[in-house]
**Student:** 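So that we are looking at the same thing, I have put the structure below in structure tokens.
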Amino acid sequence: MAKKVMLIGAGGVAGVAAAKMCQNPQVFGELLIASRTESRCRAIKADIESRTWFAAKGIFTKISTAQIDAMDVGKLTALIRSFAPDLVMNIALPYQDLAIMDACLAAGVSYLDTANYEPPEEAHFEYSWQWAYREKFEQAGLVAILGCGFDPGVTQVFSAFAQKHYFDTIETLDILDCNGGDHGYPFATNFNPEINIREVAAKGSYWVADPSDDKPEVPVETRKAFDKGYWVETAPMAIKREYVFDQVGKKDMYLLHHEELESLGCNLKGIKRIRFFMTFGQSYLTHLKCLENVGLTRIDPIDFKGQKIVPIEFLKALLPDPASLGPRTKGKTNIGCIFHGEKGGKPVDYYVYNVCDHESCYAEVGSQAISYTTGVPAMIGAKLFLEGKWTAKGVHTCEEFDPDPFMAELNVQGLPWQETFNPVAVP
Ligand code: NDP
């Protein structure tokens with residue numbers, strides 16, 4: 001029977017998730033899009049309803065919209081109760097995660113998001129804040145699926161799939177996120193500028209089980225114990241590699257801290273090292289350095305003509321809205337995971353990745369590939385929950401569920417994956 005979903009947020013990713021839900025009306029019977037600015041929810045609804053695929057199967061998702069500030073837990077709880085959805089999807093910003101989880105607990109509804117909690121006043125994200133809700137969700141008999149985008153999200157599904165089918169033990173994992181797209185602007189971000197800049201301006205870090213195995217190539221700033229291993233922290237963008245990506249070509253990529261490293265360090269058996277690399281062009285890096293140098297990426301409030309302003313919020317207002325990049329962006333993304341480990345005593349190397357074309361995404365749902373590669377997995381996570389396939393009670397990251405139905409959905413919902421057992425390793 002078709003189910004009801006409430007989607008919070010009306011940006012680039014929410015627009016894709018909503019469109020993909022409406023492509024699966026047999027599961028998503030009713031959709032409420034609620035966000036801070038209701039006109040953006042209405043614009044998403046109008047765009048979806050104008051698409052040729054909408055209602056093409058003779059059934060369609062009934063869409064309604066609402067205004068909500070998700071930080072207001074009381075009002076949000078009342079809205080959830082009045083719509084009575086089977087699932088609340090948080091595709092607003094990471095700042096809202098805890099408020100929406102509180103409202104879900106109060107209203108007795110399960111939860112899904114695409115990015116882990118980050119306090120607005122501190123450029124720092126980690127799972128501890130949301131993992132603290134585990135018992136509450138378990139006791140309420142509810143499910144919270146965390147970080148169900150591409151990275152985090154699909155990268156953890158890929159990891160669970162590799163572990164289930166190809167490895168006894170995975171020793172090393174490198175996650176490679178390549179965007180070979182060009183939007184023609186000297187500087188713009190492909191998802192929320194504030195969250196994106198906070199992420200890439202942060203110190204680089206990777207996770208190792210045993211620091212004595214690690215031969216750092218750049219000065220290590222800190223080594224902090226975490227779970228069964230250690231975080232090794234370096235200056236931002238200090239570790240660089242060149243890699244040739246299928247269907248994109250040669251790119252420079254830089255080691256970043258990323259949220260899935262934290263849960264995968266806990267959940268992959270025998271893992272010794274996990275790193276995350278993202279590609280950046282020289283123009284992006286030069287602009288970012290300049291913005292940092294002049295103080296425009298600061299997250300603390302400053303006085304300006306008797307008013308308090310947060311420089312990064314002001315910068316966000318100047319930059320192009322990521323949702324507007326769709327018609328301008330050409331090229332492809334290639335995001336995947338390279339594993340090394342062993343099975344039956346023999347060494348195994350395995351690379352699984354998806355290639356996604358910006359222009360095809362725009363033709364299908366009016367978005368660029370970064371929003372697409374995040375919104376499609378969010379819809380798949382919701383679909384598997386509603387179909388009773390991802391239903392373990394409590395708070396979970398994506399590698400904790402059965403990867404097989406998710407991998408099958410990726411192939412039919414627009415993000416087909418490819419695999420090779422002979423990848424070029426990242427040095
Ligand atoms: P956008 O900035 O385009 O959209 C964010 C939306 O959230 C806007 O519609 C905004 O409202 C709304 N919003 C913000 N604050 C509130 C609030 N207090 N109450 C209600 N609504 C609010 O972001 P993106 O679509 O680019 O990204 C969405 C999420 O996806 C982010 O959390 C991002 O970190 C995550 N992401 C995850 C990825 C992954 O692979 N896992 C990759 C890319 C993004 P308004 O319109 O009024 O501004």
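Order of listing sets the numbers, starting from 1, for every ligand and every atom in it. In what follows, residues are counted from 1 in the order of the sequence shown.
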**Student:** Using a strict threshold of under 4.0 Å (side-chain N to carboxylate O), is an ion pair present between Lys308 and Asp303?
**Tutor:** yes
**Student:** Can you pull the residues with any heavy atom under 4.0 Å from ligand 1?
**Tutor:** Gly9, Ala10, Gly11, Gly12, Val13, Ser35, Arg36, Thr37, Arg40, Ile68, Asp69, Ala70, Met71, Ile91, Ala92, Leu93, Pro94, Gln96, Thr114, Ala115, Gly149, Phe150, Asp151, Pro152, Phe191, Asn192, Ile195, Thr374
**Student:** For residues 395-402, please give each side-chain donor-acceptor pair under 3.5 Å, one per line with the distance, not counting sequence neighbours.
**Tutor:**
from: His396; atom 1: ND1; to: Glu400; atom 2: OE1; distance (Å): 3.2
from: His396; atom 1: NE2; to: Ala392; atom 2: O; distance (Å): 3.3
from: His396; atom 1: NE2; to: Lys393; atom 2: O; distance (Å): 2.9
from: Thr397; atom 1: OG1; to: Glu399; atom 2: OE1; distance (Å): 3.2
from: Thr397; atom 1: OG1; to: Glu399; atom 2: OE2; distance (Å): 3.3
from: Thr397; atom 1: OG1; to: Glu400; atom 2: OE2; distance (Å): 3.1
from: Glu399; atom 1: OE1; to: Gln156; atom 2: NE2; distance (Å): 3.2
from: Glu399; atom 1: OE2; to: Ser263; atom 2: OG; distance (Å): 2.8
from: Glu399; atom 1: OE2; to: Asn267; atom 2: ND2; distance (Å): 2.8
from: Glu400; atom 1: OE2; to: Thr397; atom 2: N; distance (Å): 2.8
from: Asp402; atom 1: OD1; to: Lys164; atom 2: NZ; distance (Å): 2.9
from: Asp402; atom 1: OD1; to: Asp404; atom 2: N; distance (Å): 3.1

**Student:** Applying ring pair (Phe, Tyr, Trp, His ring centres under 6.0 Å), can you list everything that pairs with Phe421, at least two apart in sequence or on another chain?
**Tutor:**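 Phe421: ring pair (Phe, Tyr, Trp, His ring centres under 6.0 Å) contacts with Tyr166, Tyr350.
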**Student:** Under a 4.0 Å N-O cut-off, is there an ion pair linking Lys289 with Glu292?
**Tutor:**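 A salt bridge links Lys289 with Glu292.
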**Student:** Once salt bridge (charged side-chain N to carboxylate O under 4.0 Å, His left out) is applied, what residue pairs with a partner in residues 94-121 remain, sequence neighbours excluded?
**Tutor:** Glu118-Arg198
**Student:** If the test is ring-ring contact (aromatic ring centres under 6.0 Å, His included), which one of Tyr353, Phe161, Phe158 qualifies with Trp417?
**Tutor:**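 Passing option: Phe161.
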